[in-house]
Asks: 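There's a structure below that I have some questions on.
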Amino acid sequence: MKTTTQHLFFIMALTAAKTMLTLSHGSDVITVVVSEGDNAILPCSLSNNQNIVQKLFDWKKYDKEVFLYDAGVHYNNGRDGQDELFQGRVFHFPQHLKFGNASIVIKNTKVTDSGDYTCNFPHLEPRQIFHIKLIVEPILKDRSEEMAIAVREPYTRLLGATENGVLLQCEVRDAYPKPKVEWQDSDGIVLSAEDPQVSERRGHFNVILRTTVTKTATNCFFCEVKQDDIGHVVNASIIVPEKLFEDKSCQVAHAWIGGWFLGVLSVAVFAALALFVRRVWKKGSQLEDSFSI
Ligand SMILES: *[C@@H]1O[C@H](CO)[C@@H](O)[C@H](O)[C@H]1NC(C)=O
Ligand SMILES: *[C@@H]1O[C@H](CO)[C@@H](O)[C@H](O)[C@H]1NC(C)=O
């Protein structure tokens with residue numbers, strides 16, 4: 001589990017990256033934008049297409065060593081000094097070196113790879129240095145495992161049935177950044193819901209969202225919680241028992257008819273019993289009469 005400081009750095013890196021995108025145009029900085037998890041090619045080519053197979057070039061992100069090539073020796077074939085953040089993920093294009101192409105690819109990019117890179121030929125005359133900005137845009141995914149601040153699954157509850165449908169509640173506790181909560185059906189269609197009840201305590205948010213659902217293709221519903229700032233999404237499902245969808249007014253009618261029926265039945269039974277008792281009593285008295293004769 002990473003530390004909160006790293007997560008704050010993540011958000012800062014993201015914000016910085018977004019700012020850079022808006023600032024970069026018009027300068028000699030090349031901006032590369034990729035989605036998290038994709039490979040990013042950072043371009044760097046000498047304009048005179050000079051052969052650099054026997055030359056030295058050094059890629060850095062701020063002061064971190066990304067990739068260093070020196071006449072065939074580099075970080076992927078024995079040279080050390082590469083920052084561990086980039087180990088095993090950065091490759092050059094050997095077949096392009098003879099055309100002055102020192103581009104690299106960063107595989108499986110992370111949002112934290114975003115930032116300023118330089119491609120430097122320190123021994124060339126004149127010295128050549130290229131600036132590349134990389135922006136890795138986060139994708140929405142479940143980051144519960146990778147980030148301590150990513151909110152966990154919400155709590156879903158069935159509050160009861162009304163004549164309009166079944167009332168469901170979704171609750172998110174202690175979330176930062178502020179989450180967006182939605183109810184969805186099993187097809188991912190967003191359901192209309194009541195206004196969320198939001199409370200804040202020490203910068204953390206509790207959100208309660210209620211919706212009334214009626215019968216759909218399935219009786220499974222999802223509460224989805226998003227924290228867009230950190231590209232995090234998580235959901236919890238709830239299954240509404242089939243019988244709760246039966247029309248309430250209909251059930252009331254059944255109950256009433258049932259009750260009425262039971263009432264009639266018990267009156268009938270009572271009447272029959274009374275009749276029987278009376279007959280037995282009558283018989284008894286007749287018997288008595290006969291004895292008395
Ligand atoms: C340098 O090589 C990379 C990787 O193959 C390629 O994407 C890029 O277009 C090349 N640059 C030039 C100027 O040919
Ligand atoms: C809910 O989350 C699971 C696990 O991440 C995912 O596979 C599923 O598609 C999500 N369902 C909906 C309706 O968002």
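Note that ligands are numbered from 1 as they come in the structure, with each ligand's atoms numbered from 1 the same way.
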Asks: Any non-hydrogen protein atom below 4.0 Å of atom 2 (O) of ligand 2?
Replies: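 Answer yes: something from the protein, a heavy atom, is under 4.0 Å.
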
Asks: Sort out for me which residue in Gln82, Glu65, Gln87 forms a side chain to side chain donor-acceptor pair (under 3.5 Å) with Tyr75.
Replies: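 Considering Gln82, Glu65, Gln87, a side chain to side chain donor-acceptor pair (under 3.5 Å) with Tyr75 is found only for Glu65.
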
Asks: Can Ser103 be said to touch ligand 1, with heavy atoms closer than 4.0 Å?
Replies: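 True for this residue.
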
Asks: In this structure, which one of Leu42, Leu68, Asn120, Thr118 forms a side chain to side chain contact (heavy atoms under 4.5 Å, CB included) with Trp59?
Replies: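 Testing Trp59 for a side chain to side chain contact (heavy atoms under 4.5 Å, CB included) against Leu42, Leu68, Asn120, Thr118 leaves exactly one candidate, Leu42.
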
Asks: Examine Phe221 and Val166 and state if one hydrophobic cluster contains both, with Ile, Leu, Val, Met, Phe, Trp and Tyr joined whenever side-chain heavy atoms are less than 4.5 Å apart.
Replies: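 Yes; Val166 is reachable from Phe221 via cluster members.
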
Asks: Might you confirm whether atom CG of Asn77 has over 12 heavy atoms from other residues, nucleotides or ligands at distances under 6.0 Å?
Replies: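 Yes - once you tally the heavy atoms of other residues, nucleotides and ligands closer than 6.0 Å, there are more than 12.
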
Asks: Looking at Glu224, which atoms of ligand 2 are within less than 4.0 Å of one of its heavy atoms?
Replies: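 Heavy-atom distances to Glu224 below 4.0 Å select 14 (O).
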
Asks: To which of Leu46, Ile41, Asn49, Asn101 does the heavy atom nearest atom 14 (O) of ligand 1 belong?
Replies: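 Shortest heavy-atom distance from atom 14 (O) of ligand 1: Asn101.
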
Asks: Should the proximity of Asn235 to ligand 2, defined as any heavy atom under 4.0 Å, be assigned to the side chain, the backbone, both, or neither?
Replies: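 Side chain only.
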
Asks: Heavy-atom contacts with Ser45 under 4.0 Å: which atoms of ligand 1 show up? List them by number with element.
Replies: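 That gives atoms 11 (N), 12 (C), 13 (C) of ligand 1.
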
Asks: Does some non-hydrogen atom of the protein lie less than 4.0 angstrom from atom 9 (O) of ligand 1?
Replies: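 It does not: no protein heavy atom is found less than 4.0 Å away from atom 9 (O) of ligand 1.
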
Asks: At less than 4.0 angstrom from any non-hydrogen atom of Gln184, what atoms of ligand 2 do you find?
Replies: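 Within the 4.0 Å cut-off of Gln184, ligand 2 contributes 13 (C), 14 (O).
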
Asks: Among all protein non-hydrogen atoms, which one is nearest to atom 5 (O) of ligand 1, and what is the separation to 0.1 Å?
Replies: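 Looking at atom 5 (O) of ligand 1, the protein heavy atom closest to it is His96 NE2, 3.0 Å.
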
Asks: Tell me whether Gln227 contacts the main-chain N or O of Val151 through its side chain, where contact means a donor paired with an acceptor under 3.5 Å.
Replies: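 Yes, the answer is positive, given that a donor and an acceptor are paired below the 3.5 Å cut-off.
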
Asks: Is Gln197 close to Arg210 at the side-chain level, that is, under 4.5 Å between some pair of heavy atoms?
Replies: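 They are in contact (side-chain heavy atoms under 4.5 Å apart), so the answer is yes.
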
Asks: Any ion pair linking Lys61 and Asp83 (charged N to carboxylate O, less than 4.0 Å)?
Replies: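 Salt bridge flag = no for Lys61 with Asp83.
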
